[in-house]
There are 2 protein chains.
Amino acid sequence: MDPHLLRTFVEVAETGSFSAAAERLNFTQSAVSQQIAALESDLGTSLLTRRPVRLTEAGERLRRHAKILLVRLEAARADVTRTSAPPGRLTLGLTPLAWSAPVAAALTRIRAESARLATRLLVAPLDRIVTATATGALDLGLVDGFTAPSDPLRLPEPGDPRSLRVAECPAVVAVPSGHPLARRTSVDLADLADAYWIDAPGVTPFRRLPVDGLRAGLHYDGAESTVLTGLIAAGHGLAVLPEWLLTGRADLAAIPLGVPRLVHRVELLRAPGVVDPAGPASLLAALLAP
Amino acid sequence: MDPHLLRTFVEVAETGSFSAAAERLNFTQSAVSQQIAALESDLGTSLLTRRPVRLTEAGERLRRHAKILLVRLEAARADVTRTSAPPGRLTLGLTPLAWSAPVAAALTRIRAESARLATRLLVAPLDRIVTATATGALDLGLVDGFTAPSDPLRLPEPGDPRSLRVAECPAVVAVPSGHPLARRTSVDLADLADAYWIDAPGVTPFRRLPVDGLRAGLHYDGAESTVLTGLIAAGHGLAVLPEWLLTGRADLAAIPLGVPRLVHRVELLRAPGVVDPAGPASLLAALLAP
DNA sequence: TGCGTTTACGTTGTGCGTAAGGATT
DNA sequence: AATCCTTACGCACAACGTAAACGCA
């Protein structure tokens, strides 16, 4: 179970080809073949079918473990080799809906206080932010999700349990302002089982829809929240969204959620070893004290 | 960052000696020295001071990562090599206070239903149960802890987030029955800042005391809960305990906790790949449906 | 027949043990 | 002087590349 072997195994699993994996990793086909054979003989199990190259059940399990292990290995290296000197620039990553008013304000304050600190910003899906933060590619990651009030987010591996709460706001059902439900003061999702929903995994942090059993009338694959709100306003369907996204919009109504009780929550992830790259008083404080 | 190197590094870190580590791992001193040198040159950092052998700051960080990584590596192996055939025997691990009435009842039912299934039981501290379950040394692990009501437990790495809630009961402050507080219907921990506490990390799942700022008058290092309750009854101090531990005891009073609102919670951990070793209907169902 | 994986084999390099060297108490 | 880690050196095995063989479309 050498990480080297795991790395090529993951590559083979994802490309579906020994030769393609070899090319990516700058090996020969032969070497890849031998490495996979070594893994299989070590574990005493077949991991891949050949021709076509597909994962066996054991292989699929190993792939999941291996991806996590490789990230954590990188994370460990990043943590150990991190110099104690404060970095010259700050790299910050966000999921699309983690960018809210308090975060914007905090960032403004940070940049005003430490103008010398060059800042890089990246917006990407949850998984990318989580792994990039774990490996130290990002100094800080802001991620969002829906949970029960005051519950921590359940992050995908290798999410760091030391994440800090940054903001929490009510989760609402977004409907067009002319919608029959628009004046309701509260709805339960169960009452909306017959409605059509917009499934937008790139925007909202649900993998699919917030609750099983809801029908998606439209699947939106982008990450642009204005497109999603536009689709809702145009009557293509409903979605569960954080309340702040809808404030000030005349074309949309926000209906508070009754059951299940959900909030939209933003948490701050730190790269291993990062306490506060901009000094103890400024960055974390700015993000955490809105 | 070969796992082999990490393994010997951890061994050196824990024994504080190259030669002792070499002996444990069946290597020569020389090999260990070379391995550590290889790690240090790979990471570009000094990990250990020699003479005396002590961890540097980077070394301490690596040690923490390495311990987790090695467990997860073993866990991956256990998961992949696990046969789909149901095992002939069931190995169950518990933390001391995870053994409560509903668990006892569930176990009785399990053994009655599947009498052929040999059962092994292990009681050990939280960390041991968590790692043993993760690596597949245990099929199932029952762990306990205190959290806010309906919150999941925050388990030490490499705790599996797929843990299942088994039981939850109120957390109470245990006092001798003659104690001035014994008739109170509720207390806040803040009100008890002046009291003396018994610090019993082997019994209660707090690392130290439930809240920082409480003074420990006595430190009990064992894992026997009857000793702890006995100490409380004898007036040596107070402790936060699950309510069921005190029911029926005339010498102790249980005062419900006001702030912070805490419950004692038992969760079930499954070894990787274990769904229900005794068949879909029996074991998990018995544990989860009290 | 052709594409892609496996096997054979020669070469290179890594990693261990033996044994000598060096440093610290 | 004793103990413990490091370095030097030789050997063995593991790992890769080249090239030929094999097997499935």
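Quick note on labels: first sequence line is chain A, next is B, and so on, each numbered from 1. The figures here come from the full heavy-atom set of this structure, side chains too, leaving out hydrogens, waters and symmetry mates.
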Provide, to the nearest angstrom, the distance between the [atom1] atom belonging to [X] and the [atom2] atom belonging to [N].
| X | N | atom1 | atom2 | answer |
| --- | --- | --- | --- | --- |
| B:Arg54 | C:dT24 | CZ | P | 16 Å |
| B:Asp42 | C:dG15 | CG | C1' | 15 Å |
| B:Gln29 | D:dA2 | CD | P | 16 Å |
| A:Phe27 | C:dG4 | CZ | C1' | 19 Å |
| B:His4 | C:dG15 | NE2 | C1' | 10 Å |
| A:Glu23 | D:dG17 | CD | C1' | 16 Å |
| B:Ile36 | C:dG15 | CD1 | P | 13 Å |
| B:Leu47 | D:dC5 | CG | C1' | 16 Å |

Please determine if a side-chain N or O atom of A:Gln35 lies less than 4.0 Å away from the OP1 or OP2 oxygen of D:dC16.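 Answer yes for this pair, as a side-chain N or O of A:Gln35 is under 4.0 Å from OP1 or OP2.
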May I ask you to verify if any side-chain N or O of A:Ser33 is less than 4.0 angstrom from the OP1 or OP2 atom of C:dT6?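 So the side-chain polar atoms of A:Ser33 do come within 4.0 Å of the phosphate oxygens OP1 or OP2 of C:dT6, strictly under.
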Counting the benzene-type ring for Trp, do B:Phe9 and B:His4 have ring centres under 6.0 Å apart?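 They do not qualify: ring centres at least 6.0 Å apart.
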Would you check if the side chain of [X] reaches a backbone N or O of [Y] as a donor-acceptor pair within less than 3.5 Å?
| X | Y | result |
| --- | --- | --- |
| A:Arg50 | A:Leu48 | yes |
| A:Asp139 | A:Leu92 | no |
| A:Asp144 | A:Glu267 | no |

Could you check whether B:Val53 gets within reach of a base, just the sugar-phosphate, or nothing at all, counting any heavy atom under 4.0 Å?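 The residue B:Val53 makes sugar-phosphate contact but no base contact.
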Position toward the 5' end of DNA chain D (nearest nucleotide), A:Leu5 or A:Pro52: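 Nearer the 5' end of the strand: A:Leu5.
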Quick test: give all pairs of protein nitrogen or oxygen and nucleotides 19-24 of chain D nitrogen or oxygen below 3.5 Å, distance rounded to 0.1 Å.
{"unit_1": "D:dG23", "atom_1": "N2", "unit_2": "A:Arg51", "atom_2": "NH1", "d": "2.9"}

Checking contacts here: which listed nucleotide ([options]) is nearest the side-chain heavy atoms of [X]?
| X | options | answer |
| --- | --- | --- |
| B:Ser17 | D:dC5, D:dT18, D:dT6 | D:dC5 |
| B:Ala31 | D:dC5, C:dT6, C:dG17 | C:dG17 |
| B:Gln34 | D:dC5, C:dC16, C:dT7 | C:dC16 |
| A:Phe18 | C:dG17, D:dT6, C:dT6 | C:dT6 |

Would you please say whether a donor-acceptor pair under 3.5 Å links the side chains of B:Thr56 and B:Glu60?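 B:Thr56 vs B:Glu60: no donor-acceptor pair found between side chains.
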Option from B:Leu47, B:Val53, B:Thr8 for which side chain to side chain contact (heavy atoms under 4.5 Å, CB included) with B:Ile36 holds: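 Going through the options one by one, the only one that passes is B:Thr8.
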Can you give the donor-acceptor pairs under 3.5 Å from side chains of residues 121-137 of chain B to other protein atoms, not counting sequence neighbours?
{"unit_1": "B:Thr131", "atom_1": "OG1", "unit_2": "B:Asp127", "atom_2": "O", "d": "3.3"}
{"unit_1": "B:Thr131", "atom_1": "OG1", "unit_2": "B:Arg128", "atom_2": "O", "d": "3.3"}
{"unit_1": "B:Thr133", "atom_1": "OG1", "unit_2": "B:Ile129", "atom_2": "O", "d": "2.7"}
{"unit_1": "B:Thr135", "atom_1": "OG1", "unit_2": "B:Thr131", "atom_2": "O", "d": "3.1"}
{"unit_1": "B:Thr135", "atom_1": "OG1", "unit_2": "B:Ala132", "atom_2": "O", "d": "3.2"}

